[in-house]
Amino acid sequence: MLIILVCVNFSYFNKPLANVVVIGAQWGDEGKGKITDLLSKSADVVVRYQGGVNAGHTVVVQGQTFKLHLIPSGILYPDTDCIIGCGTVIDPKVLIEELNQLEALNIPIGNLLISQTAHVTMPYHRLIDQASEERRGNHKIGTTGRGIGPTYADKSERTGIRIQDLMEPDGLKKQLRWTVNHKNLILEKLYNLPPLDPEKVIDEYLGYAERLRPHVVDTSLMIYDAILRRRNILFEGAQGTLLDLDHGTYPYVTSSNPVAGGACVGTGVGPTMIDRVIGVAKAYTTRVGEGPFPTETKDKVGELLCSRGAEFGTTTGRKRRCGWFDGVIGRYAVRINGLDCLAITKLDVLDELEEIQVCVAYSIDGSERKDFPNSSRLLARCQPIYKTLPGWQRSTTDCRSLADLPKQALDYLKFLAELMEVPIAIISLGASRDQTIIVEDPIHGPKRALLHVNGTPTSQM
């Protein structure tokens, strides 16, 4: 199997972007923030479509680090409109803190738009989330404790508070007096926690409403109008494929749909309006919280990956579990999301290793399987089958083209592309924007036409 890699000029990103979804192809924390920031340079609109403050993007620009939990990283480009879609759950307090942080750095925020129908994370959501996780004991699922699950639960139960409710004081007061008293029963009777004062909650959130009011619009209509005007739209997901509520390692998942299909539901656009899907994966694998992790390594290699990769969560600061690249979940992410190409991040973290292992299949009860199991219990029994590749043991952080890469590093990337049957378009070698190799235009290059099997293209779409 032969992968043809064509190096193009970085100026390709000045070409029209079309409508593109960027998703995480692992368990989140893949470095989507940097890739989204990179692609945002050519975007007219960047849209966040799911998740809440349980996610975070870290972007480094000219030596300055920005940690964003709700606001799309496109906000760092003054001419780019940034939208928080209806599929996102919003903690107004955190959102306002981010707005204040950006304003203090003289970054314009007038181009941020918030969906009227996005649901709001309330104080009782956080309390219930934390108390529920604590009560699970040895059965914890690894929630961040930020109230995301209970917010989505209220959304499904049709008892949630939406952004547009905050904009209507009389209705909000009536709704919150009933809701807070109802949640107090749960807090007091089930978790033995003190009750919340409905009036204090009302006053707090009415204050948030006034701060956010100038940004609140019908974002679905705004996105549709942007599409009609042929503006370039980048749809930005949080978390990753394996944390998807329906397609991830349930129950060790998030409460929304980070997969590419979630972009349509979480923004209010039809699937025919999406042109491309780009997956982001680390050159190794990490996950935060509980749940099975077949390629996890707890030896000195795991410590090296954690140390060199600075593997601590943007939102919680929790240490991430580290392991070798898992090609089984990689192929699964390609299938579930319909990936057109990949961005591989943190290749430089592997620079010191003499040998690198890649999981090519699982062994379970003596049988080999290359497909990803739907059961977390079954996944926990899977043992990785590895292919060992030579390391390169020299720094790649200053590489800016494929020709700069050590042969072993290039061979490693080719192996990953062959294993997942999808071309690699971007290679990230550090946190800064300039520490990047653009292999192929991920937007306008031929869809999958770079991938060849026995000299024959697998697709000429």
Side-chain angles (χ1 to χ4, degrees), residues 10 12-14 17 20-43 46-49 51 55-77 80 82 98 101-102 105 107 234-241 258 276-286 288 305 308-315 320 322 325 333 339 341-351 395-401 405 413 416 424-443:
F10 191 83
Y12 261 57
F13 284 101
N14 292 323
L17 185 67
V20 177
V21 181
V22 177
I23 62 96
Q26 296 165 320
W27 273 289
D29 307 309
E30 301 94 348
K32 295 182 298 298
K34 174 182 174 176
I35 303 303
T36 302
D37 172 67
L38 186 71
L39 297 175
S40 296
K41 179 180 180 181
S42 298
V46 179
V47 187
R48 167 77 178 273
Y49 63 83
H57 284 336
T58 301
V59 180
V60 180
V61 181
Q62 295 179 346
Q64 194 167 28
T65 299
F66 298 88
K67 293 189 176 183
L68 303 172
H69 299 276
L70 286 167
I71 299 176
S73 51
I75 197 73
L76 301 178
Y77 293 98
T80 301
C82 290
E98 290 188 19
Q101 173 195 357
L102 293 170
L105 296 170
I107 295 173
L234 186 65
F235 297 88
E236 170 189 26
Q239 288 97 23
T241 300
R276 286 287 175 100
V277 183
I278 300 171
V280 184
K282 282 176 182 168
Y284 50 101
T285 309
T286 64
V288 172
L305 295 176
R308 285 183 55 83
E311 296 297 351
F312 297 91
T314 301
T315 298
R320 296 175 185 139
C322 297
F325 189 92
L339 297 185
C341 60
L342 275 170
I344 296 293
T345 64
K346 295 195 173 184
L347 182 69
D348 57 298
V349 173
L350 306 180
D351 285 351
S395 176
T396 59
T397 56
D398 293 328
C399 294
R400 296 295 180 268
S401 71
L405 288 174
L413 292 168
L416 297 187
I424 294 171
I426 300 172
I427 303 162
S428 175
L429 303 152
S432 298
R433 283 175 177 170
D434 66 330
Q435 292 179 300
T436 309
I437 297 174
I438 307 302
V439 180
E440 171 62 48
D441 176 9
I443 311 304

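As the structure is a prediction and not an experimental result, all values here were calculated from the model.
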Report task. List for me each residue that meets side-chain hydrogen bond (donor to acceptor under 3.5 Å, both in side chains) alongside Thr80, sequence neighbours excluded, and say none if there are none. Result -> none

Query raised in the report: By side-chain hydrogen bond (donor to acceptor under 3.5 Å, both in side chains), which residues pair with Asp348, not counting sequence neighbours?
Result: none

Requested in this report: Kindly compute the distance separating CD1 (Ile75) from CG (Leu70), expressed to the nearest 0.5 Å.
Outcome: 12.0 Å

**Report entry** Lys346 NZ to Tyr284 OH distance, which is reported to the nearest 0.5 Å
**Finding:** 4.0 Å

Query raised in the report: Is there a donor-acceptor pair closer than 3.5 Å between any side-chain N or O of Glu236 and the backbone N or O of Val46?
Result: no

Query - Backbone N/O of Glu30 and side chain of Thr345: donor-acceptor pair under 3.5 Å - result: yes

**Report entry** Sidechain-backbone polar pair: Tyr49 side chain, Pro258 backbone, donor-acceptor under 3.5 Å
**Finding:** yes

Query - Pairing residues for Lys282 by the side-chain hydrogen bond (donor to acceptor under 3.5 Å, both in side chains) criterion, not counting sequence neighbours - result: Thr286, Glu311

Requested in this report: Decide yes or no for Val47 and Leu234: does some side-chain heavy atom of the first lie under 4.5 Å from some side-chain heavy atom of the second?
Outcome: no

Query raised in the report: Under the 3.5 angstrom rule, does the side chain of Lys32 hit a backbone N or O of Gly240 as a donor-acceptor pair?
Result: no

**Report entry** Nearest non-hydrogen partners of Leu305 and Cys322, listed with the distance
**Finding:** CB-CB, 3.9 Å

Report task. Answer yes or no: is there a donor N or O on one side and an acceptor on the other, between the side chain of Arg48 and the main chain of Phe235, under 3.5 Å? Result -> no

Requested in this report: Begin from the C-alpha positions of Arg433 and Lys41 and carry the test side chain to side chain contact (heavy atoms under 4.5 Å, CB included) through to its verdict.
Outcome: CA-CA 11 Å; Arg433 283 175 177 170; Lys41 179 180 180 181; over 6 Å; no

Query raised in the report: For the atom pair CG (Asp29) and OG1 (Thr285), what is the distance rounded to the nearest 0.5 Å?
Result: 12.0 Å

Report task. Could you tell me whether a side-chain N or O of Glu98 sits under 3.5 Å from a main-chain N or O of Ile71, the two making a donor and an acceptor? Result -> yes

Query - Listed partners of Ala283 passing side chain to side chain contact (heavy atoms under 4.5 Å, CB included), at least two apart - result: Ile344, Leu347, Leu350, Tyr412

Query raised in the report: What pairs with Gln26 under side-chain hydrogen bond (donor to acceptor under 3.5 Å, both in side chains), at least two apart in sequence or on another chain?
Result: none

